[in-house]
There are 2 protein chains.
Amino acid sequence: MLVEKAKSRDAENTKQAILDVAEKLFSEKGFSGVSVRDISEASGVSQSLIHHHFGSKHALYQEVKRRAIERFWHKWHARTSAITHRPNIIREGIETFYWFVRDNQTIMRLSCWACLEGDTDLWPGEKETMDFLAQEIAEAQREGILRNDIDPIMLTILIEAASFFWWQYRANLVKLFEGSGRSAGEIDCEYLQTITKILLCGVLTHQKQTSGSKEELH
Amino acid sequence: MLVEKAKSRDAENTKQAILDVAEKLFSEKGFSGVSVRDISEASGVSQSLIHHHFGSKHALYQEVKRRAIERFWHKWHARTSAITHRPNIIREGIETFYWFVRDNQTIMRLSCWACLEGDTDLWPGEKETMDFLAQEIAEAQREGILRNDIDPIMLTILIEAASFFWWQYRANLVKLFEGSGRSAGEIDCEYLQTITKILLCGVLTHQKQTSGSKEELH
DNA sequence: GTCTATATCCAGATAGAC
DNA sequence: GTCTATCTGGATATAGAC
């Protein structure tokens with residue numbers, strides 16, 4: 001049998017190399033900010049080979065996003081499996097989500113670009129990611145640990161919002177604490193503690209709350 | 001004296017027309033997604049005149065952002081002046097911010113693109129916008145209405161996060177409620193009610209909280 | 001102050017050799 | 001499967017007439 005020249009005539013390898021580089025660049029500069037030439041030069045693969053494998057720049061972009069979401073979902077699933085259960089599900093959910101977002105900036109940025117670009121139809125793993133927390137919350141409500149006049153999905157969104165927003169605008173936000181002598185890392189932790197405290201207990205003083213209350217506030 | 005040909009030889013008018021069109025397009029597609037030719041065609045002003053007035057595409061972009069932030073700050077200042085004061089500052093602050101973000105999508109998108117593009121040095125009015133709410137919160141803490149173990153700026157960031165995130169990802173988020181028979185507008189209102197409830201009172205049942213408590217949670 | 005014409009470069013995509 | 005060479009259009013920016 002013939003031995004392959006072993007140069008790099010490995011289509012799958014080449015495709016993955018292209019995808020890795022494309023993911024990095026698209027995440028940094030968005031779709032319009034990156035040219036196929038950029039990807040070609042950064043990956044050492046010729047332009048035409050990129051077109052050969054993916055058809056067009058747009059199709060490559062879609063594949064980058066698809067793959068990233070898939071990886072995200074797998075990582076999230078693995079991480080959340082380790083969460084111990086009630087009664088601390090909320091605290092752990094917030095912490096897990098918060099650090100997970102920090103550790104997955106690439107896909108967070110991809111998702112943000114995609115949102116601005118009007119891409120709303122994708123995210124096969126997005127719903128599942130949300131549902132995992134939402135189901136745990138619903139269970140905690142049934143057990144009476146959490147007030148049951150709150151939609152679990154709404155609460156999940158708020159947790160996601162608190163984490164996403166911080167890491168998205170972190171460079172700007174830490175500037176608001178200039179002069180306080182705290183490092184950015186310390187502020188990260190303090191923000192997490194604060195949102196946990198507020199989500200769990202609220203901000204009002206003298207708050208007396210009954211389980212499953214249905215009274216309107218004020 | 002000579003009468004101007006009145007054609008459109010009004011530099012200031014022309015510049016504003018260019019800025020208006022550029023703001024709309026940059027907000028929709030981001031810096032790299034818009035060409036000077038696009039702006040030229042949409043505004044009816046020749047490409048070279050755009051360069052004449054602003055020097056470069058990048059300088060035009062900067063001016064668009066500068067002007068938008070300035071307008072945002074003036075509008076926010078006008079709107080918040082109407083806020084009645086304690087004890088409902090948090091509730092009103094959240095509602096004001098929430099609807100304000102909805103009504104200013106253009107600048108929200110500009111700010112989001114700018115963030116992704118790594119633009120962190122601008123935003124002359126941003127700090128002031130935050131500080132307004134933070135100062136009211138601090139005052140409410142002094143009056144004993146709000147627990148005083150929370151940094152006012154942190155709370156302001158969380159309020160901002162809850163609003164920004166919703167309007168930023170709204171098209172995706174409403175899909176999570178498909179099948180519930182609620183319209184998008186109803187979900188908008190319900191989300192606002194939910195975050196208000198949570199921020200004010202927290203999510204735990206059986207919560208007994210003392211004013212200015214310094215106990216650690218769990 | 002505003003235009004037309006154009007220079008120069010780079011984009012995405014394809015042809016065809018190996 | 002991968003490359004070099006190239007097509008065609010569009011990008012930013014400038015020159016110079018009016």
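In the text below, chain A, chain B and the rest are named by the order of the sequence lines, each starting its count at 1.
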Using whole Å, what does the distance between atom [atom2] of nucleotide [N] and atom [atom1] of [X] come to?
| X | N | atom1 | atom2 | result |
| --- | --- | --- | --- | --- |
| A:His53 | C:dT14 | NE2 | P | 16 Å |
| B:Gln16 | C:dG1 | CD | C1' | 16 Å |
| B:Leu49 | C:dT4 | CG | P | 11 Å |
| B:Glu12 | C:dG1 | CD | C1' | 13 Å |
| B:Ile18 | C:dG1 | CD1 | P | 11 Å |

Per-nucleotide protein contact string for nucleotides 5-18 of chain D, where B marks a base within reach and S marks sugar-phosphate only (heavy atoms under 4.0 Å, - for neither): -----SBBBBB---
Validation row, ring centre A:Tyr61 to ring centre A:Phe31 under 6.0 Å: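 Yes, the ring of A:Tyr61 comes within the 6.0 Å limit of the ring of A:Phe31, centre to centre.
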Centroid-centroid distance, A:Phe26 to A:Trp113, less than 6.0 Å: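 No; A:Trp113 has its ring centre 6.0 Å or more from that of A:Phe26.
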Test item: side-chain donor near acceptor, A:Glu139 and A:Gln135, under 3.5 Å: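 Per modelled atom types, A:Glu139 and A:Gln135 side chains form no pair under 3.5 Å.
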No-hydrogen, no-angle side-chain donor-acceptor test under 3.5 Å, A:Asp188 and A:Trp166: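 Short answer, yes.
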Residue from B:Val36, B:Val64, B:Leu60 passing side-chain contact (heavy atoms from CB on, under 4.5 Å) with B:Phe54: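 Result: among B:Val36, B:Val64, B:Leu60, B:Leu60 is the only option passing the side-chain contact (heavy atoms from CB on, under 4.5 Å) with B:Phe54.
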Contacts of B:Gln105 that satisfy side chain to side chain donor-acceptor pair (under 3.5 Å) - sequence neighbours left out: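 With neighbours one apart ignored, the set is empty.
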